[in-house]
Amino acid sequence: MNAITDATARLPVQQEAAALLETAARAARAAAAELARAPRPAKDQALRAAAAALRRAAPAILAANAADVLGAPDLSPAFKDRLTLTPARIEAMAVGLEEIAELPDPVGRTLAEWTRPNGLLIRRIAQPLGVIGMIFESRPNVAADAAGLCLKSGNAVILRGGRESLRSVAAIHATLAEGLRAAGLPEAAVQVAPNADRAFVGAMLGAAGLIDLIIPRGGKGLVTRVMEEARVPVLAHAEGLCHTYVHAAAAPEMARRILANAKMRRTGVCGATETLLIDAAIAPALLPLLVADLRALGCAFRADARARAICPELQPATAGDFSTEWLDAILNVAVVDGVAAAIAHIGRHGSEHTEAIITEDAAAAEEFLAGIASAVGLWNASTQFCDGGEFGFGAEIGIATGRLHARGPVGLEQLCTYRYHVLGTGQTRP
């Protein structure tokens with residue numbers, strides 16, 4: 001087909017997707033209005049009931065997930081790791097829902113309060129965003145994380161997972177619906193896309209007035225498409241091109257332990273370190289040990305000329321390697337001259353996600369943390385701690401970057417906006 005006839009052939013599919021999305025979104029908006037007024041005990045009951053349902057349904061969820069993995073045989077190891085569920089990962093989802101239930105209710109909080117000279121008392125009050133569209137790839141646990149956070153923050157959510165995780169997401173959704181029913185809350189508060197057709201994503205992106213916020217969570221291709229096509233506000237999830245900088249005053253054993261975890265704990269997550277920056281003053285002694293540690297764990301390397309002068313066996317880095325999010329057992333390595341050079345390297349190549357410095361020098365750590373523009377900076381800790389659960393949020397919807405919205409792990413507070421209450425004593429405006 002030529003482009004015109006192909007577009008014509010797709011029209012009925014696009015119209016059907018738009019109709020399905022409109023039906024789902026209108027039901028979600030009605031549910032969101034109810035959730036916004038729901039008392040905390042009802043929301044917490046739904047979360048705990050969903051957690052219990054997840055545990056009971058673990059065999060069915062694992063079977064659905066096994067079918068998903070079997071149906072996508074050409075996955076990279078990192079992608080397969082993100083797609084695969086285990087009993088421990090299902091338990092982590094359940095625990096995450098229970099932890100969200102324990103958190104304070106973010107809705108109705110007084111964010112600020114002040115009195116004007118005329119006696120008017122003004123309060124800024126947190127309120128839900130409304131209807132959230134969550135578009136994600138491969139990781140089915142995102143369905144539970146997003147649903148839990150949206151429910152507790154009074155938002156309805158429409159979930160659209162990748163086609164490779166369709167069965168897994170449907171099985172998880174069934175347990176979330178069970179939790180909502182148990183608490184007497186509307187099931188339309190958490191919905192999933194009816195199919196894996198890309199036309200439904202297009203309908204979500206064009207649903208201005210029906211969806212209040214789109215959150216994409218996935219690779220650069222997904223985020224780019226969403227940013228380019230969306231007619232709905234977007235809270236963008238960053239690609240995770242994270243750096244660990246080993247400063248001249250680093251404790252060597254700590255550096256070895258942290259780097260191994262930051263790179264190899266899970267290579268396919270956005271908080272995995274992709275680039276090691278090591279200070280020239282300690283590189284000759286420490287870099288061979290770091291390389292040996294990681295090589296023993298199955299890591300490969302892409303190194304600059306200064307690093308290869310110390311470890312000649314390392315593969316040379318190409319021009320684009322330091323700007324690549326590998327999501328695999330590959331580590332970029334560069335030797336730098338101090339904190340300023342490390343910050344400059346990160347500024348050239350990073351994604352403003354997460355950076356770590358390892359040092360015993362407090363002044364150097366403060367210089368580094370103040371100098372990076374990233375959403376999260378760590379001192380003497382693994383970059384893989386950049387996670388909503390580890391931050392005490394129970395879960396996260398993603399890691400947000402940018403200048404005009406929340407930054408870092410997106411939890412309950414970041415899923416609220418605000419309104420104003422003005423309290424008077426009979427004032428009239430002159």
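Throughout, residue positions are numbered sequentially from 1 according to the sequence presented. Remember, predicted model here, so these are calculated numbers, not experimental data.
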Colleague: For Leu62 and Leu85, work out which heavy atoms get closest and say how close.
Modeller: CD2-O, 3.7 Å
Colleague: Does Phe301 have any ring pair (Phe, Tyr, Trp, His ring centres under 6.0 Å) partners at least two apart in sequence or in another chain, and if so, which?
Modeller: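 Residues passing ring pair (Phe, Tyr, Trp, His ring centres under 6.0 Å) with Phe301: none at all.
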Colleague: Hey, could you give me the OG1/CG distance between Thr175 and Leu54, rounded to the nearest 0.5 Å?
Modeller: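 The OG1 atom of Thr175 sits 3.5 Å away from the CG atom of Leu54.
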Colleague: Does any part of the side chain of Pro128, heavy atoms only, come nearer than 4.5 Å to the side chain of Val107, both counted from C-beta?
Modeller: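 Contact flag for Val107/Pro128 side chains = yes.
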Colleague: Between atom SG of Cys242 and atom CD of Gln384, what is the distance when rounded to the nearest 0.5 Å?
Modeller: 8.5 Å
Colleague: Side chain to side chain donor-acceptor pair (under 3.5 Å) with Arg257: which residues, sequence neighbours excluded?
Modeller: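 If we apply the side chain to side chain donor-acceptor pair (under 3.5 Å) test to Arg257, skipping adjacent residues, there are no hits.
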Colleague: Hey, could you give me each pair passing side-chain hydrogen bond (donor to acceptor under 3.5 Å, both in side chains) that has a residue in residues 152-163? Not counting sequence neighbours.
Modeller: Asp44-Lys152, Ser153-Asn155
Colleague: Is there side-chain contact between Val246 and Ile282, with at least one heavy-atom pair below 4.5 Å?
Modeller: yes
Colleague: Show your working on side chain to side chain contact (heavy atoms under 4.5 Å, CB included) between Leu103 and Leu412 and close with a plain yes or no.
Modeller: CA-CA 9 Å; Leu103 295 172; Leu412 294 176; 3.7 Å; yes
Colleague: Would you say Arg116 has more than 12 foreign heavy atoms packed within less than 6.0 Å of its CZ?
Modeller: no
Colleague: Quick one: does any side-chain atom of Asp328 pair with a main-chain N or O of Ile330 as donor and acceptor, under 3.5 Å?
Modeller: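 Side chain of Asp328 to backbone of Ile330: no pair is present.
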Colleague: Just by modelled atom types, is the Leu327 backbone N or O under 3.5 Å from a matching donor or acceptor in the Glu274 side chain?
Modeller: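 Yes; judged by distance alone, with no hydrogens or angles, the pair exists.
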Colleague: Is it true that Arg306 and Asp337 make a salt bridge, defined as a side-chain N closer than 4.0 Å to a carboxylate O?
Modeller: yes
Colleague: State which residues pass salt bridge (charged side-chain N to carboxylate O under 4.0 Å, His left out) with Arg302; sequence neighbours excluded, sorted by chain then number.
Modeller: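 Testing Arg302 for salt bridge (charged side-chain N to carboxylate O under 4.0 Å, His left out), a comparison that skips the adjacent residues, returns none.
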Colleague: So does Glu137 pair up with Arg82, basic N to acidic O under 4.0 Å?
Modeller: no
Colleague: Could you grab the distance from atom CD1 of Ile211 to atom CG of Leu205, nearest 0.5 Å is fine?
Modeller: 8.0 Å
Colleague: Mind listing the closest non-hydrogen atom pair of Cys150 and Val157 along with its distance?
Modeller: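 Nearest pair, atom of Cys150 first, then Val157: SG-CB, 3.8 Å.
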Colleague: Would you mind listing every ring-ring contact (aromatic ring centres under 6.0 Å, His included) that reaches into residues 320-342, with sequence neighbours excluded?
Modeller: Phe322-His345, Phe322-His349
Colleague: Run the salt bridge (charged side-chain N to carboxylate O under 4.0 Å, His left out) test against Arg48 and tell me which residues pass, sequence neighbours left out.
Modeller: Glu102
Colleague: If we ignore hydrogens and angles and just use 3.5 Å, is the side chain of His353 paired with the main-chain N or O of Val376 as donor and acceptor?
Modeller: no
Colleague: Sorted by first residue and then second, give each side-chain hydrogen bond (donor to acceptor under 3.5 Å, both in side chains) pair with at least one member in residues 362-372; sequence neighbours left out.
Modeller: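 side-chain hydrogen bond (donor to acceptor under 3.5 Å, both in side chains) check on residues 362-372 returns no pairs.
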Colleague: Can you list everything that forms a salt bridge (charged side-chain N to carboxylate O under 4.0 Å, His left out) with Arg89? Sequence neighbours excluded, please.
Modeller: Asp81
Colleague: Can you check whether Ala53's main-chain N or O pairs, donor with acceptor, with Glu178's side chain at less than 3.5 Å?
Modeller: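 No, because the side chain of Glu178 does not come within donor-acceptor range (under 3.5 Å) of the backbone of Ala53.
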Colleague: Carefully, step by step, assess Arg198 and Arg225 under the rule side chain to side chain contact (heavy atoms under 4.5 Å, CB included).
Modeller: CA-CA 11 Å; Arg198 288 172 59 88; Arg225 180 194 175 190; 3.4 Å; yes
Colleague: Looking at Leu294 and Met264, what are the two nearest heavy atoms and their distance?
Modeller: CD2-CG, 3.7 Å
Colleague: Test side chain to side chain contact (heavy atoms under 4.5 Å, CB included) on Leu415 and Ile132 and set out the steps.
Modeller: CA-CA 9 Å; Leu415 294 178; Ile132 293 173; 3.9 Å; yes
Colleague: Can you find a pair of side-chain heavy atoms, one from Glu360 and one from Met254, that are under 4.5 Å apart?
Modeller: yes
Colleague: Using atom types as modelled and distance alone, determine if a side-chain donor or acceptor of Asp212 lies under 3.5 Å from a backbone N or O of Val131.
Modeller: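 The answer is yes, because a donor-acceptor pair under 3.5 Å joins these two groups.
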Colleague: Side chain to side chain donor-acceptor pair (under 3.5 Å) with Thr244: which residues, sequence neighbours excluded?
Modeller: Thr273
Colleague: Which atoms form the tightest heavy-atom contact between Thr359 and Ala249, and what is the distance?
Modeller: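 Scanning both residues, the minimum pair turns out to be OG1-CB, 3.5 Å.
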Colleague: Is there a donor-acceptor contact under 3.5 Å from the side chain of Arg266 to the main chain of Gly271?
Modeller: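 No, the answer is negative, given that no donor and acceptor are paired below the 3.5 Å cut-off.
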Colleague: Considering residues at least two apart in sequence or located in another chain, which fulfil the side chain to side chain donor-acceptor pair (under 3.5 Å) criterion with Thr115?
Modeller: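 Per chain and number, Thr115 pairs via side chain to side chain donor-acceptor pair (under 3.5 Å) with no residue.
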Colleague: I'd like to know if Glu253 pairs up with Arg256 as an ion pair, taking the criterion as any Lys NZ or Arg NE/NH1/NH2 lying under 4.0 Å from an Asp or Glu carboxylate oxygen.
Modeller: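 A salt bridge links Glu253 with Arg256.
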Colleague: Partners of Arg123 by salt bridge (charged side-chain N to carboxylate O under 4.0 Å, His left out), sequence neighbours excluded?
Modeller: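 Here the qualifying residues are Glu113.
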Colleague: So Ile215 and Ile135, side chain to side chain contact (heavy atoms under 4.5 Å, CB included) or not? Walk me through it.
Modeller: CA-CA 6 Å; Ile215 302 178; Ile135 304 171; over 6 Å; no
Colleague: Report the distance from atom CG of Asn332 to atom OG1 of Thr324, rounding to the nearest 0.5 Å.
Modeller: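 Going from CG on Asn332 over to OG1 on Thr324, the span is 7.0 Å.
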Colleague: Would you check if there is a donor-acceptor pair between the side chains of Thr318 and Asp321 at a distance under 3.5 Å?
Modeller: yes
Colleague: Answer yes if the side chains of Ser374 and Glu355 hold a donor-acceptor pair under 3.5 Å, and no otherwise.
Modeller: yes
Colleague: Got a sec, which residues hit ring pair (Phe, Tyr, Trp, His ring centres under 6.0 Å) with Tyr418, two or more places apart in sequence or on another chain?
Modeller: Tyr420
Colleague: Which heavy atom in Ala46 sits nearest to a heavy atom in Leu185, and how many Å separate them?
Modeller: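 Minimum heavy-atom separation between Ala46 and Leu185: CB-CD1, 4.0 Å.
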Colleague: Treating Arg29 as the side-chain partner and Leu210 as the backbone partner, does any N or O pair qualify as donor plus acceptor under 3.5 Å?
Modeller: yes
Colleague: When rounded to the nearest 0.5 angstrom, what distance separates CD in Glu413 from CG in Leu149?
Modeller: 11.5 Å
Colleague: Hey, are Ser168 and Asp68 close enough side-chain-wise for a donor-acceptor pair under 3.5 Å?
Modeller: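 Yes - a donor-acceptor pair under 3.5 Å links their side chains.
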Colleague: Minimum heavy-atom separation for Tyr245 and Gly338, please, with both atom names.
Modeller: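 Looks like OH-C, 3.2 Å.
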Colleague: Any Lys/Arg nitrogen of Glu313 or Arg308 sitting under 4.0 Å from an Asp/Glu carboxylate oxygen of the other?
Modeller: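 Not counted as a salt bridge, because no side-chain N and carboxylate O are separated by less than 4.0 Å.
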